[in-house]
Each structure stands twice: as structure tokens, then as C-alpha cells.
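First the proteins, then the strands, lettered A, B, ... as listed; each starts at 1. What's counted below: heavy atoms across the whole structure, side chains too, no hydrogens, waters or symmetry copies. Model, not experiment: these values are computed from the prediction.
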Amino acid sequence: MPNITLPDGKKLNFEKKVTGLKIAEKISKSLSKQALVISVDGHLRDLNFEIDNDCSVKIHTSKDKEGIETIRHDTAHVMAMAVQELFPGTQVTIGPVIDDGFYYDFARKEPFTEEDLQKIEKKMKEIVERDEPTHREVWKRDKAVEHFKKTGEIYKAEIIKSIPKEEEVSVYFHGKWHDLCRGPHLLSTGKIGKFFKLTKLAGAYWRGDSNNEMLQRIYGTSWSSQKDLDDYLKRIEEAEKRDHRKLGKEMDLFHFREESPGSVFWHEKGWNLFQKLIEYMRTKQNIAGYKEINTPEILDRSLWEKSGHWEKFGEHMYTSKTPDEKIFAIKPMNCPGCVQVFNQGLKSYRDLPLKMSEFGKVHRYEPSGSLHGLLRVRAFTQDDAHIFCTEDQITEECLSVTNLILEIYKDLGFNDVILKYSDRPNLRVGADEIWDKAEDALLQAINSSKLKYTINKGEGAFYGPKIEYVLRDAIGRDWQCGTLQVDLNLPERLGASYVDKDGSKKIPVMLHRALFGSLERFIGILIENYSGKLPFWIAPLQTIVIPVSNDFDDYAMKVHNKIVKSGITSQVDLKNHNLNYKIREHSLSKIPLLLICGKKEVDSNTVTIRRLDSNKQENMELKEFLKKFSALSKAPSI
RNA sequence: GCCCCUAUAGUUAAAUGGUAUAACACAUCCAUGGUAAGGAUGAAUUUCCAGUUCAAUUCUGGGUGGGGGCACCA
């Protein structure tokens, strides 16, 4: 007779077979009400799953990840039910749980509309009201395939074929409606509650493969209380408010236009931010021993053929034919150009490691559907560098790249960084021994960095393993920015070599690295992270000087000129508006410092500071202000 | 690239088979002001190409861009 061990170690003994629900009832009335699913020896089961052996269990409520995910999974089922009731002939395919919600993919000729979503939601509420009971059946594979084929559910039949032989084929019923599903599920449709919302319509390929037909996906979210649902919707709204595309327009940083989709038109303020970041990086890299170079944007086709890009990357490359019929490519990467710089003159082992950096603007013909503001563009500037070194130097160089990245992210307010490590893919170049070495070296560097990391098996580049640096922003989103790749291929292809101690020619290892990745993308991330309120040292426009009335224009100009001389970006606002108006206007455009100048300031040779998001006034001598704030114009670590 | 949605002034929005409204921004004038919108006046617009129609910004088709996803991100 089953002996049930609870998470706190307590044991309960039952006379005969028992279900999760019974166990919950025995523990407490409130638990039996809140119980959603149960883990039995680590396997998630329905609450009416019959237990007849000794085991450990944990009963899940909406407070657990397992509980809330089951609610979402059930909501997906209820949605599919509603869709099939409203639109007979629609086929269901898959409907998994995702972060904060769920989706279900449907096959139907006519597209769903926004109004359909309302109808579906209404129908879902009806189904919740009907409180259809759930029950689970295990079917024979053949019977299941035949059944779903007969009912016109071709996709389901296909899914069954791909279920591993040793797994059961289970079918869940909610009332009469049923779906092939692994489960577990709640006891009835009423249990999901009413705190759900269908959020968006989308297309999605069957089995995620762009060669397959496109299905219609409906996304939704589902929670265990109205408050959680409201909080979630609020969170989405807040994230929309910090959208860099919106803020970029409002703050007059940049714009995009039809003539060049995916390329940025930088305005004065945005370009200032861009240049500040480059200046900052340049300083950091000089300190770290990099030599900055610059290589041509347009290079002859033959170089790209030699490097392998023509073949492997050709469809993403812009090309250009000259009047005399020569074909050039606009560089999609900086590496071949950099290797050519390395190739100038004989290099000795004493020159290694040789770190060459380049703020190189590259162009890639990205698929139109992937473009997204600054985050995915067709023309962007990489903070690129290539480190030529020996195999023995890989670990040390990787470690120093990692440290540099951490310093830089920290200066910019990102302290939460994780690594993604990708090792050898099936399709690759180079001998296994070299891969062994490269992977060991990278792993050593990762381990000594003490950062958390994940392994992406087989996801490395064809020419070598890589690390990707992922930072977490102020609202918990992860962004992959920096990357470090070991290249065992390109130096050889382009004939790079150095003279070793013994006088023999050797091929150097090349490390590709980028810290921000793309300046454009990083600026997008920065804007969203700070909601546009960038720290003083990096702000696109740091101060605006405002005279209290026109009588003080001269003094305001004088203050402005001194500020500009001290290296702080400043504007002076002499427009015909009153003080309140100007303060409101410039606060909304997120200028960190407003300097007010009136009679008081003129008489005492001071300025009155108003900081963004504060209504305090600080009066200080102009000299003191210049000293204090030009120091604050530097990055924290410089 | 694929699916769906979408395109009105500098921006954000409204309206209509008979060429369009508002707010903010902008310009001029008045007001010269002390920490988040002072007042008056003014100028300015239907994404492009076809089609239907007496008439298209509105309806239909297509192009292009934008948005949400999918795929892609070497």
C-alpha cells in the first residue's frame, strides 16, 4: 500500500491506490483547493493520476513554476477548443507553454483576424464556465494515427509518428474535445480561471522549418489572478515605453527612411553619443595594448573568394560593378582586410600577440523581415579587433578580452553578464587536435573568469569555437553583445605567417572579438536599458543653459561657451518661452542637467543646476561646476 | 524571405466615395518670466503605381516602407 513521502520528509500511508487530489485533501483543505498538478518521483502527473507504489510527491499550486505552466498549457488547450468550435475544419498542431504565456499553431486557409481573437476569448470564457472535465487515455499508436487521420488532423498524425517508440501516446479529453498531448492537465477547464488574454497573431512555419508550410499562431498569456495579469500587461506597456525606436525619434537621435532600409541616419545628438562611445572604447583599447587600424570598405571579389566569404556568405553581401566591369564587394566583415594589414612586412613571434582593432563599418544584406530599429540593421559599425597569437597564448588572450568586456559593460551600467560557449560543429575545417586545443584554451579562459556560462553544443563557427557575452538589462532582458571566436582557418587561407624562434614560418592563430558587437545595436540596448535617461558621461547632450529672461542671454552664452570649452556638450536656449516651458521641454527630452541663469547667478558668477527627475536647485560657482562636471564626463573606470 | 496587420502635417492622433480635423511642434507678434505647458495670429498634409467611379485620401489590385511574429543572425 502506497507510502507517500512529502517534500518536508513527512510520510503518509494510504490503504489503497491514491490520487494527488486525495493526498492534498489529507494534507489540508486549502491545499486541495489550490492544488493543480503533482510531481510523482519527479514526473509531473495529473491530480487524478493513480498512485499505487511508494513514492515522493510534491503538490504544485499556481505559486510554483509547474503550477502556473500547467495553467498556461490548459489555457492553450481551451483556446484550441474554442477555435475548433468557432472555426470547424481548423487543424490543431502544437501548443506549448512559453515565458509568461503560451501559443497554439493552427492550420486554416482563411487568416484569423483581430476580431476573431475577441470571439475566441469570449468562447474560451464559455468553455471555462462549462467546466468540462479532463480525462486521459493511452492509445495504441496505429489507432491514434488512424483516428487523427480520419478526423482530418493530419498534423497530429504526423506528430505521433515522431513520438519515440518507448513513449506512450496519450490523448486528453476535455469533455468531448480531445487532443494528442503529453500532459499533465488540470482536472477540468474551469480550473484555469479567467485571467488570460490573447495577445497576438503571427505566422509560423510547421516544425520551425522555412521550407514547410506556414501556420497561424495565436499567442496568449494566462495567470492565476487578475493582479498578476494586470502586472504582466503593465510590464509589457512599460517595455514599450522604452522602445529605442520611439525614444530615438522623441530625443532626436536618429531616423530611418525608405531609401535605405536598415541603415541609420544619425542626427547630431545621436552621432554625439556614437562618437563618445567610440572615443571611450578607443581609450580603453589603447590602455589594453590594441593598435587601431582602418581598412577599405570596398574590396575586390578575388579577396572574398580567397577568404571563403564569397561562397559561405555571398547571399548576404552587397556587390558593386564598376564601369569597367570589375566586381567589388562592400565588406560584410573586417577580418580579411585586417589580415592584409598583418601580412604587410615580416612578423616575428616577438610581435605576438598582436592586437589590431578597427571601428569598421560593414554592410550585410539581411532578410527584410529581420530588420528592427537599431537592433538589427544592414549597415553597422563593429568595434572589431583581431588578435594574432600563438596557440599557447589563446587562453591568456581570451581571458584579457573577457576582462576588458566586463570592465566596459560595468562602466555602462551592466553588471550581470553570462557567457555562452559554443564548441565544434559537425561541418568544420581543421584537424581535431587543433580543435581540442582551441576548445581547451577557451574553456580554461571561461573557468578562470568565474562567470556563469552555458554550453551550446555544436554551435561554433565552422572555423573555430566561440564565446558570446550576454548582458542582462534593467528590466531583465538578455542581450547578446560581445563575441570572441577562435579562428583556425582564415590566417592560412590568406597566407598569414610569422617567423618563429627557430627561424621557421608558422601560421598564427587569429581571435576575432567584438565588445559591443555593433555600435548601432549597443546604442539601442543602452537607450532601452536607461529609458533614454543615459548617465551624464555618455548622454547625447549633457547640458542646456537657460536664461531666466532675455536680459541674461549674454551671461547664458558666456556660461555655455565655457562649458563647451571644457568638453561638455551644451546648448543654450534663448527662445521666446518662459522658464517653466523650457524646463518641461528639456526634461521631457531627457537632458541630464539644466543650468538656470538669472540675476542672482550673474551677480555671483554662479549657475543653478537642475538635474533630470529632481526639482531641487543647486547653486554653484561656474568654476566649480566646470571642474566637477568635466570630471564626471569621463567613464567611471577612466 | 514567409504569414498577418499597417501607411493621413515635423510628431501623435481624428474624419470622409464630393481633396480633411485637432493637439503639440514650427513661424511672427505681444508678454520678460525664478524651476514641468503665458497669450494672439499664421503657414503646412492623405506613401507610390494602376484599376473601378461623374468623382478615390476613402473601394480593389500591385510596389515600397513600417509593425507583430516565423525563418535567418555565418
Side-chain angles (χ1 to χ4, degrees), chain A residues 98 103 105-108 110-117 199-219 240 243 245-246 249-250 252 255-262 307-309 311-317 332-333 335 364-373 375-378 380 422 425 427 459-464 466 468 480 483 485 512 517-518 521 546-553 574-589 594-601 608-619:
Chain A
I98 51 173
Y103 66 79
D105 286 349
F106 300 97
R108 174 177 181 244
E110 301 72 36
F112 291 118
T113 63
E114 295 289 331
E115 295 85 75
D116 290 340
L117 290 192
T199 51
K200 52 197 170 192
L201 279 167
Y205 296 108
W206 166 237
R207 292 191 189 274
D209 184 338
S210 56
N211 295 314
N212 290 342
E213 59 274 51
M214 184 149 284
L215 306 170
Q216 298 187 63
R217 175 171 299 178
I218 302 178
Y219 283 94
E240 275 165 15
D243 190 313
R245 292 167 298 185
K246 188 169 165 276
K249 206 182 270 176
E250 284 171 12
D252 193 18
H255 82 276
F256 289 92
R257 56 194 302 113
E258 241 178 86
E259 293 96 326
S260 188
S307 71
H309 287 86
E311 189 202 343
K312 300 260 179 204
F313 203 66
E315 59 178 17
H316 295 286
M317 283 162 69
M333 294 184 203
C335 20
R364 298 179 186 179
Y365 194 72
E366 301 286 357
S368 57
S370 68
L371 301 181
H372 184 92
L375 300 181
R376 188 80 182 270
V377 286
R378 285 182 173 156
F380 59 98
S422 303
L427 272 179
E459 301 262 306
F462 68 90
Y463 49 75
K466 65 179 177 186
E468 276 150 350
Q480 187 182 305
T483 163
Q485 306 175 357
H512 304 242
S518 135
R521 180 176 146 85
I546 307 174
V548 170
S549 81
N550 292 144
D551 293 341
F552 313 108
D553 284 2
L574 303 180
K575 270 191 261 168
N576 258 351
H577 284 124
N578 65 28
L579 184 57
N580 280 350
Y581 181 92
K582 291 180 182 178
I583 286 176
R584 177 179 151 83
E585 184 191 10
H586 301 311
S587 298
L588 287 175
S589 67
L594 300 181
L595 300 188
I596 315 296
C597 300
K599 181 157 192 323
K600 208 167 68 191
E601 287 76 15
T608 297
I609 303 170
R610 184 191 165 112
R611 293 172 195 259
L612 184 56
D613 286 335
S614 160
N615 50 16
K616 276 197 208 124
Q617 299 174 34
E618 291 170 63
N619 188 261

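- In this structure, B:A44 forms no base pair with any nucleotide, since neither Watson-Crick nor G-U wobble geometry is met with both distances under 3.5 Å.
- The interatomic distance linking A:Y581 (OH) with B:C30 (P) rounds to 19 Å, in whole Å.
- Distance A:H577 NE2 to B:C29 P: 13 Å, rounded to the nearest Å.
- Between the C1' atoms of B:A13 and B:A20, the separation comes to 14 Å (whole Å).
- Looking at heavy-atom distances under 4.0 Å, A:R217 makes contact with sugar-phosphate atoms alone, never a base.
- Comparing A:P111 and A:D613 by the nucleotide of RNA chain B whose heavy atom lies nearest to each, the residue mapping closer to the 5' end is A:P111.
- Using N1 to N3 plus N6-O4 or O6-N4 for Watson-Crick, or N1-O2 and O6-N3 for G-U wobble, each under 3.5 Å, B:U58 pairs with nothing.
- Atom pair A:H586:NE2 and B:U35:P shows a separation of 16 Å (rounding to whole Å applied).
- At the phosphate of B:C70, OP1 or OP2 sits under 4.0 Å from a side-chain N or O atom of A:Y219.
- Distances shown here put every side-chain N or O of A:R257 at or beyond 4.0 Å from the OP1 or OP2 atom of B:A7.
- A:K599 places none of its side-chain heavy atoms less than 4.5 Å from the side chain of A:V548.
- Protein atom CD of A:E213 is 13 Å distant from nucleotide atom C1' of B:C70, rounded to whole Å.
- Taking side-chain N and O atoms only, A:H372 has no distance below 4.0 Å to OP1 or OP2 of B:G66.
- Residue contacts for A:T608: at a heavy-atom cut-off of 4.0 Å it reaches a base atom on one of the strands shown.
- Whole-Å rounding puts the A:N576 CG to B:G39 P distance at 14 Å.
- Rounded to whole Å, the separation between the C1' atoms of B:U35 and B:A22 comes to 30 Å.
- No N or O donor and acceptor, one from the side chain of A:R364 and one from the base of B:C72, sit under 3.5 Å apart.
- Using the Watson-Crick or G-U wobble rule with both distances under 3.5 Å, B:U64 pairs with B:A7.
- Using a 4.5 Å cut-off on side-chain heavy atoms (C-beta onward), A:R378 and A:S368 make contact.
- Side-chain N/O atoms of A:N578 include one lying less than 4.0 angstrom from OP1 or OP2 on B:G38.
- In this structure, A:A204 reaches the sugar-phosphate backbone alone: every heavy-atom distance under 4.0 Å involves primed, P, OP1 or OP2 atoms, never a base.
- Looking at heavy atoms from C-beta onward, A:R245 lies out of side-chain contact with A:F256 at the 4.5 angstrom threshold.
- Distances shorter than 4.0 Å separate some side-chain N or O of A:K575 from OP1 or OP2 on B:C26.
- For the 3.5 Å distance criterion, the side chains of A:D209 and A:N211 qualify, holding a donor opposite an acceptor.
- Pair assignment for B:G1 gives B:C70, based on Watson-Crick or G-U wobble hydrogen-bonding distances that are each under 3.5 Å.
- Using a 4.0 Å cut-off between charged side-chain N and carboxylate O, A:K466 and A:E468 make a salt bridge.
- Judged by distance alone, with hydrogens and angles left aside, A:R207 brings no side-chain donor or acceptor close enough to the base of B:A71 to form a pair under 3.5 Å.
- As a whole-Å value, the separation of A:E240 CD from B:G66 P is 19 Å.
- Using a 4.5 Å cut-off on side-chain heavy atoms (C-beta onward), A:N550 and A:N576 make contact.
- Summarising the geometry, the separation between CD on A:E585 and P on B:A37 is reported as 13 Å, rounded to the nearest angstrom.
- One C1' atom belongs to B:C5, the other to B:G42, and the distance between them is 38 Å to the nearest Å.
- A gap of 13 Å separates the P atoms of B:U46 and B:U21, to the nearest Å.
- For B:G38, the paired nucleotide is B:C30, the pair qualifying as Watson-Crick or G-U wobble because both relevant distances are below 3.5 Å.
- Within the nucleic acid shown, A:S210 comes within 4.0 Å of sugar-phosphate atoms alone, with no base atom in reach, counting heavy atoms only.
- Close to B:C73, at under 4.0 Å from its OP1 or OP2, lies no side-chain N or O of A:R521.
- Using a 4.5 Å heavy-atom threshold, the side chains of A:I609 and A:L594 count as separate.
- Set against B:C70, B:G34, B:A71, the side chain of A:M214 has B:C70 as its closest nucleotide.
- Side-chain contact between A:K200 and A:Y103 is absent, with no heavy-atom pair separated by less than 4.5 Å.
- Nucleic acid contact for A:K249: sugar-phosphate only, since backbone atoms but no base atoms lie under 4.0 Å from a heavy atom of the residue.
- Comparing the C1' positions of B:C73 and B:A37 gives a spacing of 45 Å, expressed to the nearest Å.
- Distance noted for atom P between B:G10 and B:U6: 23 Å (whole Å).
- When heavy atoms are screened at a 4.0 angstrom cut-off, A:R378 is found touching no nucleic acid atom at all.
- Put simply, CG on A:L588 is 7 Å from C1' on B:A36, counting in whole angstrom units.
- The base of B:G34 lies close enough to the side chain of A:E601 for a donor and an acceptor atom to sit less than 3.5 Å apart.
- Between B:G38 and B:A43, the two P atoms lie 24 Å apart (nearest whole Å).
- In this structure, the separation between NZ on A:K312 and OH on A:Y463 is 11.5 Å, given to the nearest 0.5 Å.
- Taking only distance into account, the side chain of A:D551 never meets the base of B:U32 through a donor-acceptor pair shorter than 3.5 Å.
- Summary of the strand contacts: A:F112 and A:R584 both lie near RNA chain B, and taking for each the nucleotide with the nearest heavy atom, the more 5' one is attributed to A:F112.
- Spacing between B:U19 and B:U11 at atom C1', rounded to whole Å, works out to 23 Å.
- Distances shorter than 4.0 Å separate none of the side-chain N or O atoms of A:S587 from OP1 or OP2 on B:A36.
- Counting any heavy atom pair closer than 4.0 Å across all strands shown, A:F256 reaches no nucleic acid atom.
- As judged by a 4.0 angstrom heavy-atom cut-off over every strand, A:N580 is placed among residues touching the sugar-phosphate backbone only.
- Residue A:Y205 places its side chain closer to B:A71 than to any other of B:G34, B:G68, B:A71.
- Listed pair A:K200 / B:G69 meets the phosphate criterion, a side-chain N or O lying under 4.0 Å from OP1 or OP2.
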